[in-house]
Amino acid sequence: MTDEKLPTRNENFSEWYNQVVLRAEMADYAPVRGCMIVRPYGWALWENIQQALDLRFKATGHVNAAFPLLIPMSFMEKEKEHIEGLSPELAVVTIGGGEKLEEPLVVRPTSETIIGHMYAKWIKSYRDLPVLINQWGNVVRWEMRTRLFLRTLEFYWQEGHTAHATADEAQAETLQMLETYADFAINEAAVPVIRGRKSEAEKFAGALRTYSIEAMMGDTRALQAGTSHNLGQNFAQAFDIRYLDTNNELQHCWTTSWGLSTRFIGAIIMTHGDDQGLVLPPRLAPIQVVIVPIFRNDDEKSQVMPVVERLRGELSGFRVRVDDRTEVTPGFKFNDWEMRGVPLRIEVGPKDVAKGTLAVARRDIAGKAGRTFVPQAGIAAQVADLLEDIHKSLYDRAIKFRDEHIVEPKDYPELKEIVQNGWAFAWWCGDAACEAKIKEETKATTRCIPLDQSAGSGRCIYCGKPASEKVYFARAY
RNA sequence: CGGGGUGUAGCGCAGCUGGCAGCGCACCGCGUUUGGGACGCGGGGGUCGGCGGUUCAAGUCCGCCCACCCCGACCA
């Protein structure tokens, strides 16, 4: 911990973000430009994210595997749009063991190609399908401007890669995984998201269709929190992934891929954080309850500590930390754990010992307003209820904030206004030219065409031509 | 790659017109403290980004180089 004051989100959101990440010890800058070090506290959060997702993947029939970090350059070049989209951000290994390599090896920016190559080898018959594999790993994309978690040269993620017999099945898988991400975001991270389809300009390089969950951050900018791609037969054709159908005819497979990265940590921070620091959603928080003992002398200590230990035992069903540091004052600890976003703090002092009470402070309600005294008896049930309630209130607050900042503009000048501090939801004719013009003039991009939109039609917010779909425009991370 | 800026202790900085390298925070020790960011005393810590030049003397002046940061074009 360094200085005492954190910049407020209003005065400087991005500096607030940087400071929170560093001071909460989520991550630090690496000696290599653009790279980050995920510190134990940040990684613990990632592990909880992994666990929540992995459970969902397994429940839908997926299995985990590991593919190589290095990919032959020729693999990357097999799918035209893929290499065109990714080539500017590739890291390439040209020397190995002191020798110039025959063929350069790409440090994976994503694994469609090498996995496609293997699928071609493994898949022979319709009986082999579907193949439902996920990989947890790291990837490298050579970024120019970087931010901790949000955009780094190397990041950690999971990438699912599936192969199916039919287009319908692949589409169903694509949407199922999008829904999985949305369920995770809402029910584990308390982050409200909008499910939608990406425009042609915004879709993944090589995909037929890309879907994403989009979240609004505390500064109203949009963040793509997870993506799911229907790759059609693009990669199946490029890598010759074929199977014999029941009529003994060779068919190309239909493949999908879907990913969610450590960027999601940034989404959590920017969705829930406040001017005191991090606010972590209870179901993912590495520490759900911190207990701060308070005493002035050894006599008080000997009264307080047994109660603290008893509490620790009663709360063994939760992730609990007892802060027994003697070198800092309780006041310092309060601020410290608030910076780190721990959902609940329990204070145990001599008065509590005498009265059989505890001071319980909920992180989602800042300062003393969120602090109440409760009886020690039945604390486990109270904690369970409070954590539930905090999850709910975080979600409600975030969705309220988001909806207050989504406006349907009546004309283009109004759209320009809106995207300065919010999202604009407007008719769009689907023409990439209009999209590009809007981006150029406002810095707002199309975020997604939401899946659930009422039928009807209107006129394109930019060109006025007939439009059949509404799209979100926003400045994005 | 284009425009702007900065390099002095772990971090943030001061160091004028060249003359023993400093301050705050952090860190270590001792004591007093402890229900919302404690205090006192003592202490450790430096190739002043690098190389070269001017000078009796360079953190300071000059030249070249390097690195990083911010703003633009690209992105999960």
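These numbers come from a predicted model, not from an experiment. Below, chain A is the first sequence line, B the second, and so on; all start at residue 1.
For A/Thr329, no side-chain nitrogen or oxygen approaches OP1 or OP2 of B/rG37 to under 4.0 Å. The side chain of A/Lys333 contributes no N or O atom lying less than 4.0 Å from OP1 or OP2 of B/rG37.
At a cut-off of 3.5 angstrom, counting only N and O atoms as typed in the model, there is a donor on one side and an acceptor on the other between the side-chain of A/Arg345 and the base of B/rG36. Side chain A/Arg151 to base B/rC75: a donor-acceptor pair is found below 3.5 Å. For a distance-only test at 3.5 Å, the side chain of A/Asp352 qualifies as a donor-acceptor partner of the base of B/rG35.
Within 6.0 Å of the CG atom in A/Asn297, the count of heavy atoms belonging to other residues, nucleotides or ligands exceeds 12. Environment of NZ in A/Lys470: crowded, with over 12 heavy atoms of neighbouring residues, nucleotides or ligands closer than 6.0 Å.
In this structure, A/Leu150 reaches the bases: a heavy-atom distance under 4.0 Å links it to at least one base atom across the strands shown. Within 4.0 Å (heavy atoms only), A/Thr152 reaches at least one base atom of the nucleic acid. Among the atoms of the strands shown, base atoms are found under 4.0 Å from some heavy atom of A/Glu347. Residue contacts for A/Gly349: at a heavy-atom cut-off of 4.0 Å it reaches a base atom on one of the strands shown. Among the protein residues, A/Ala359 comes within range of the nucleic acid bases, having at least one heavy atom under 4.0 Å from a base atom.
For the atom pair CD (A/Glu314) and CD (A/Gln382), the distance works out to 10.5 Å, reported to the nearest 0.5 Å. Taking CD of A/Glu214 as the reference point, atom CZ of A/Arg447 lies at 4.5 Å (rounded to 0.5 Å).
Helical stems in RNA chain B, defined as runs of 3 or more consecutive Watson-Crick or G-U wobble pairs with donor-acceptor distances under 3.5 Å: B:1-7 with B:66-72, B:10-13 with B:22-25, B:27-32 with B:38-43, B:49-53 with B:61-65.
If you take atom C1' in B/rA58 and the same atom in B/rG50, they sit 15 Å apart, rounded to whole Å. Using P as the reference atom, B/rU33 and B/rC39 are 15 Å apart when rounded to the nearest Å. Only the C1' atoms considered, B/rC11 is 7 Å distant from B/rA26, to the nearest whole Å. Nucleotides B/rA14 and B/rC30, compared at atom P, are 36 Å apart to the nearest Å. Comparing B/rU6 with B/rC20, their P atoms sit 26 Å apart, to the nearest whole Å. B/rU60 and B/rA9 have their P atoms separated by 15 Å, given to the nearest Å. Here the separation of B/rG10 from B/rC48, taken at their P atoms, is 13 Å to the nearest Å. Atom C1' of B/rC75 sits at a distance of 45 Å from the matching atom of B/rG22, rounded to the whole Å.
Per the geometry, NE2 belonging to A/His229 stands 13 Å off C1' belonging to B/rC75, to the nearest Å. Distance, A/Lys198 NZ to B/rC75 C1': 11 Å, rounded to whole Å. Note: NZ (A/Lys351) to C1' (B/rU34) measures 12 Å, nearest angstrom. In this entry the distance linking CD1 of A/Ile365 with P of B/rG36 reads 19 Å, nearest Å. Per the geometry, CZ belonging to A/Arg340 stands 18 Å off P belonging to B/rG37, to the nearest Å. Remark: P of B/rA38 and CG of A/Asn335 are 8 Å apart, rounded to the nearest angstrom. Spacing between atom CG of A/Asp323 and atom C1' of B/rG37 amounts to 13 Å, rounded to whole angstrom units. The distance from atom CG of A/Asp299 to atom P of B/rU34 is 14 Å, rounded to the nearest whole Å.
Checked against B/rG37, B/rG35, B/rC74, the side chain of A/Phe332 finds its nearest nucleotide in B/rG37. Taking only side-chain atoms of A/Phe334, from C-beta outward, the nucleotide of B/rG36, B/rC75, B/rU34 with the closest atom is B/rG36. The A/Phe373 side chain lies nearest to B/rG35 when the options are B/rG36, B/rG35, B/rA73. Residue A/Glu143 has its side chain nearest to B/rC75 when only B/rG37, B/rG35, B/rC75 are considered. Of the candidate nucleotides B/rG72, B/rG36, B/rU34, B/rU34 has the atom lying nearest to any side-chain atom of A/Pro330. Of the candidates B/rG36, B/rC74, B/rG72, B/rG72 carries the atom nearest the A/Lys443 side chain, counting heavy atoms from C-beta on.
No side-chain donor-acceptor contact under 3.5 Å links A/Thr174 and A/Ser228. A donor and an acceptor atom, one from each side chain of A/Asp352 and A/Thr357, are located under 3.5 Å apart. Using modelled atom types, one finds a donor on one side chain and an acceptor on the other under 3.5 Å when comparing A/His229 with A/Thr210. No side-chain donor-acceptor contact under 3.5 Å links A/Gln50 and A/Tyr156.
When each of A/Phe155 and A/Gln276 is assigned the nucleotide of RNA chain B bearing its nearest heavy atom, the one mapping closer to the 5' terminus is A/Gln276. Mapping A/Tyr477 and A/Leu358 onto RNA chain B by nearest heavy atom places A/Leu358 closer to the 5' end of the strand.
Remark: of the listed residues A/Arg325, A/Arg321, A/Arg345, A/Arg325 is the sole one forming a salt bridge (Lys or Arg N to Asp or Glu O under 4.0 Å) with A/Asp336.
Inter-residue side-chain proximity for A/Gln171 and A/Arg209 is flagged as met; some heavy-atom pair is nearer than 4.5 Å.
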